[in-house]
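A note on names: the letters A, B, ... follow the listed sequences, proteins ahead of strands, and every chain is numbered from 1.
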2 protein chains.
Amino acid sequence: MSLPHAILTALLEKPSSGLELTRRFDRSIGYFWSATHQQIYRELGRLETEGYIRTLPAEQPARGQKKSYEVLPAGRAELARWTATAQEPKPLRDVMLLRLRAAAVVGTAGLEADLRRHLELHQVQLAEYEEIQRRDFPPGKDTPEDRLRHLVLRAGIDLETFWTRWLTHAIGELGELPDR
Amino acid sequence: MSLPHAILTALLEKPSSGLELTRRFDRSIGYFWSATHQQIYRELGRLETEGYIRTLPAEQPARGQKKSYEVLPAGRAELARWTATAQEPKPLRDVMLLRLRAAAVVGTAGLEADLRRHLELHQVQLAEYEEIQRRDFPPGKDTPEDRLRHLVLRAGIDLETFWTRWLTHAIGELGELPDR
DNA sequence: ACGGGTTATGCAACTAGTTGCACAAAGAGT
DNA sequence: ACTCTTTGTGCAACTAGTTGCATAACCCGT
């Protein structure tokens with residue numbers, strides 16, 4: 001149950017409309033907590049009725065009818081509470097690993113092509129993260145906020161590095177196996 | 001939609017009853033695809049009506065009434081088809097990363113303790129994987145099946161290694177930050 | 001033979017996330 | 001003026017996973 005908290009975080013970083021949030025959930029926050037616009041609109045509605053957020057007084061009343069939201073004190077308190085609450089790490093759940101395990105019993109036919117495709121996707125993602133790191137975290141930037149956000153980015157970089165290495169290794173192993 | 005395929009894989013490795021499957025989903029397969037017994041029983045029912053598995057002719061008819069299932073040819077074919085089908089990697093979704101990002105706006109109070117707790121959990125998991133590696137994959141074992149399963153285990157080991165390193169680093173960074 | 005734990009199976013309700021579609025307004029091209 | 005695309009908002013239905021509970025049999029000590 002973390003989507004509301006992801007939205008509160010995003011809105012605290014910058015008050016936004018539903019669509020703006022959707023855009024930011026396609027990058028930035030979305031890199032580790034993705035959400036579709038439908039989820040976001042639904043959740044904005046809930047957060048509003050719970051008194052955690054409110055619509056910003058519209059500058060142009062109902063013209064292009066873009067509704068912007070901001071976080072209320074209760075919302076900030078709830079986010080702080082949630083952040084400090086212990087949570088269980090959710091167990092790994094990965095389809096590719098399952099497919100490899102299945103391949104051990106039904107054969108590896110068709111697997112290698114998709115391993116290569118995934119490798120490329122992860123390489124692209126890694127490059128994107130590294131670009132963000134260059135752009136947003138040059139040596140000087142280290143306010144506490146920067147450090148925390150950089151930490152999160154580094155997790156992304158290290159994870160993508162892990163996947164590219166592992167997939168490269170897996171493709172190598174698969175090549176040595178007799179086809180079945 | 002991978003649970004049925006996880007079950008087919010498990011049943012091909014060894015025909016089992018619902019409870020035996022549940023046990024194996026607490027280790028082994030469960031390390032990368034977890035499931036509760038309720039999910040498993042429900043799915044066994046579906047797989048049976050679809051003609052992918054069948055109950056083994058009971059040795060003692062309805063005594064302790066333990067029902068064992070085995071995979072039918074159609075089930076094996078379906079698993080092979082699924083294994084060869086390209087799939088999109090699902091985007092990362094991690095609560096701890098989200099909490100760090102939230103901490104950048106509402107403060108880090110209460111975070112460090114849970115980071116330490118997670119570090120310990122990941123260290124335990126890593127040790128468990130390494131034990132399995134020692135036990136199940138000594139140098140000689142390298143039939144194709146072994147190599148594939150070892151590959152999966154290594155992904156687990158490398159992932160846990162990543163998390164322990166990253167969490168250690170994160171705890172260090174947090175220590176340097178002024179409390180808020 | 002009786003109460004208490006363990007083994008084994010399963011239903012029902014709930015929650016979170018996904019998919020598919022709908023609709024209205026604004027701007028852009030003809 | 002009039003279709004066409006884009007922007008922005010949102011509902012409804014579906015799917016997968018989780019939680020809570022129910023049931024029955026067997027096993028064990030008293």
Side-chain angles (χ1 to χ4, degrees), chain A residues 1-8 10-11 15-26 29-30 32-50 53-56 58-69 82 87-95 98, chain B residues 1-8 10-11 15-26 29-30 32-50 53-56 58-69 82 87-95 98:
Chain A
M1 224 222 15
S2 311
L3 178 60
H5 302 100
I7 291 179
L8 287 173
L11 287 180
S16 312
S17 69
L19 191 70
E20 281 161 358
L21 279 178
T22 302
R23 297 259 162 75
R24 293 166 62 198
F25 272 81
D26 282 339
I29 307 231
F32 50 91
W33 201 274
S34 60
T36 62
H37 76 274
Q38 290 91 338
Q39 276 179 282
I40 289 166
Y41 283 116
R42 184 169 35 179
E43 204 58 48
L44 283 171
R46 283 183 200 152
L47 287 168
E48 191 174 21
T49 61
E50 280 165 35
I53 63 175
R54 67 164 183 185
T55 60
L56 276 178
E59 286 129 45
Q60 301 102 325
R63 250 269 311 286
Q65 85 217 51
K66 190 152 72 174
K67 270 194 290 185
S68 269
Y69 293 89
W82 176 83
Q87 311 222 13
E88 295 318 303
K90 69 150 193 11
L92 176 59
R93 198 167 256 235
D94 188 89
V95 176
L98 187 54
Chain B
M1 226 223 11
S2 309
L3 179 59
H5 302 100
I7 291 178
L8 287 173
L11 286 181
S16 312
S17 70
L19 191 70
E20 281 160 358
L21 279 178
T22 302
R23 297 258 163 73
R24 293 167 61 197
F25 273 79
D26 283 339
I29 306 231
F32 49 92
W33 203 274
S34 58
T36 60
H37 76 273
Q38 289 90 338
Q39 277 179 281
I40 289 166
Y41 283 116
R42 183 167 37 177
E43 205 57 50
L44 283 172
R46 282 182 199 153
L47 286 168
E48 190 174 21
T49 62
E50 281 165 34
I53 61 175
R54 67 163 183 188
T55 58
L56 276 177
E59 287 130 45
Q60 301 103 324
R63 252 270 312 284
Q65 86 218 51
K66 188 152 72 172
K67 268 195 291 185
S68 269
Y69 293 89
W82 177 82
Q87 310 222 16
E88 294 319 302
K90 68 151 196 10
L92 175 60
R93 199 165 254 238
D94 189 90
V95 176
L98 188 54

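- Look at B:Q39 and you won't find any side-chain N or O under 4.0 angstrom from OP1 or OP2 of D:dA16.
- Each of D:dT18, D:dG17, D:dT9 was ranked by its minimum atom distance to the side chain of B:T36; first place goes to D:dT18.
- For B:P91, the side-chain contact (heavy atoms from CB on, under 4.5 Å) partners at least two apart in sequence or on another chain are A:S34.
- For A:S17, there are no side-chain hydrogen bond (donor to acceptor under 3.5 Å, both in side chains) partners two or more places apart in sequence or in a different chain.
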Only distances under 3.5 Å count here; give the side-chain donor-acceptor pairs of residues 35-47 of chain B to other protein atoms, sequence neighbours excluded, each with its distance to 0.1 Å.
residue	atom	partner	partner atom	Å
B:T36	OG1	B:Q39	N	3.4
B:Q39	OE1	B:T36	N	3.1
B:Y41	OH	B:L19	N	3.4
B:E43	OE1	B:R46	NH1	3.1

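- Rounded to an integer number of Å, the gap from A:Y41 OH to C:dC23 C1' is 13 Å.
- Here the CD1 atom belonging to A:I7 is positioned 9.5 Å from the CD1 atom belonging to A:I29, to the nearest 0.5 angstrom.
- Atom CH2 in B:W33 sits roughly 10 Å away from atom P in D:dA16 (whole-Å rounding).
- Here A:R24 pairs with A:A10, A:E13, A:K14, A:S16, A:L21, A:R27 under the side-chain contact (heavy atoms from CB on, under 4.5 Å) rule; sequence neighbours left out.
- Nucleotide C:dT9 holds its C1' atom 16 Å from the CD atom of B:E43, rounded to whole Å.
- Between the CG atom of B:L98 and the C1' atom of C:dA16 there is a distance of 15 Å, given to the nearest Å.
- Atom pair A:E48:CD and D:dG10:C1' shows a separation of 14 Å (rounding to whole Å applied).
- Rounded to whole Å, atom P of D:dT9 lies 11 Å from atom CD1 of A:I40.
- When rounded to the nearest whole Å, the span between NZ of B:K90 and C1' of C:dT19 equals 19 Å.
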List the steps, then state whether side chain to side chain contact (heavy atoms under 4.5 Å, CB included) holds for B:K90 with A:V95.
-> CA-CA 9 Å; B:K90 68 151 196 10; A:V95 176; over 6 Å; no
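- Atom P of nucleotide D:dT18 and atom CD of A:Q87 are separated by 15 Å, given to the nearest angstrom.
- Checking the phosphate oxygens (OP1, OP2) of D:dG17, a side-chain nitrogen or oxygen of A:R93 falls inside 4.0 Å.
- Heavy-atom minimum distance, A:W33 versus A:F25: O-CD2, 3.2 Å.
- Proximity of residues 15-23 of chain B to DNA chain C (heavy atom under 4.0 angstrom from any strand atom) is restricted to B:S17, B:G18, B:L19, B:R23.
- Considering only residues two or more places apart in sequence or on other chains, B:P15 meets the side-chain contact (heavy atoms from CB on, under 4.5 Å) condition with B:L56, B:E70.
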Listing time: all N or O pairs from protein to nucleotides 11-13 of chain D that are below 3.5 Å?
none

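- Not a single side-chain hydrogen bond (donor to acceptor under 3.5 Å, both in side chains) links A:S2 to another residue, sequence neighbours left out.
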